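Written below as structure tokens is the structure these notes are about.
Reminder, nothing fancy here: chain letters follow the sequence lines and each chain counts from 1. All figures in this text were calculated on a predicted structure; none of them were measured in a lab.
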Amino acid sequence: KNEVEQSPQNLTAQEGEFITINCSYSVGISALHWLQQHPGGGIVSLFMLSSGKKKHGRLIATINIQEKHSSLHITASHPRDSAVYICAVKGGKETSGSRLTFGEGTQLTVNP
Amino acid sequence: DGGITQSPKYLFRKEGQNVTLSCEQNLNHDAMYWYRQDPGQGLRLIYYSQIVNDFQKGDIAEGYSVSREKKESFPLTVTSAQKNPTAFYLCASSIGWGVDTQYFGPGTRLTVL
């Protein structure tokens, strides 16, 4: 079992829909990251969370430390949101310092 | 503009040849990382460097080598000992070791024929 599990693996939505991507982890962590990977391959950091909730534009990320679970929400989705969304945690059983453990990613496709 | 550059974007090599992937950053970051991405798998850490002239093996270092002679450069050599080198390679950097946010380069897709 991976230390970081994402669901769903693939998600197709219509423009305007509310989207939720989930991330569960099995180890104690100090921080959780949500990353976005565009079709060209480049990765950008969206959020870093250690507790609570963060919002940036139409993106909202939440984390529940007790339940070892985080969600990424996209409101009013748009075709330009189509990308792979990756969850990564810092502080897994075999990591130290800045080392991150990554989930497999969720491929999101938003159709017009 | 500050950022991380990787070159080339696409690279083709024959089996048995060593190949070096370039990674340069002008962010004045101390820490740099190399990851490998395969379909259906999360990013895996190959090597990392906390500071210039220092580097450490990651989770899948076999068949790879790195150097960190300059702060801004962290090249990765994929040697002929790497059994399955075809993959997407991503370089990243962070301000310092222990600082969470990593900045990623655009990646190099290596295909070994």
Please answer whether the main-chain N or O of B/Asn18 pairs with a side-chain N or O of B/Ser80 as donor and acceptor at a distance below 3.5 Å. no
Are side-chain heavy atoms of [X] and [Y] found at a separation under 4.5 Å?
X: B/Tyr35; Y: B/Gln102; value: yes
X: B/Gln82; Y: B/Arg36; value: yes
X: B/Ser49; Y: B/Val66; value: no
X: B/Val78; Y: B/Tyr64; value: yes

Sort B/Gln6 into side chain, backbone, both or neither according to what part of it lies under 4.5 angstrom from a heavy atom of chain A. neither
Using non-hydrogen atoms only, which part of B/Leu43 is less than 4.5 Å away from chain A: side chain, backbone, both, or neither? both
Sorted by chain and residue number, the side chain to side chain contact (heavy atoms under 4.5 Å, CB included) partners of A/Lys54 (sequence neighbours excluded) come out as A/Phe47, A/Leu49
In terms of heavy-atom proximity below 4.5 Å to chain B, should A/Gln37 be classed as side chain, backbone, both, or neither? side chain
At a heavy-atom separation under 4.5 Å, does A/Ile86 approach chain B through its side chain, its backbone, both, or neither? side chain
For the residue pair B/Thr20 / B/Thr77, report whether a side-chain donor-acceptor contact shorter than 3.5 Å exists. yes
Nearest heavy atoms of B/Gln25 and B/His29, plus distance in Å: NE2-O, 2.8 Å
Who wins among B/Gln37, B/Arg44, B/Arg109 for the most heavy-atom pairs under 4.5 Å with chain A? B/Gln37
Using 30° and 60° as the class limits, which term best fits the ring planes of B/Phe74 and B/Trp34: parallel, tilted or perpendicular? tilted
Leading residue by heavy atom contact count with chain B [cutoff under 4.5 Å; candidates A/Gln9, A/Met48, A/His38]: A/Met48
Among the listed options A/Val44, A/Leu35, A/Ile43, the residue most often paired with chain B at heavy-atom distances under 4.5 Å: A/Ile43
Within residues 55-81 of chain A, which positions have a heavy-atom distance to chain B below 4.5 Å? none
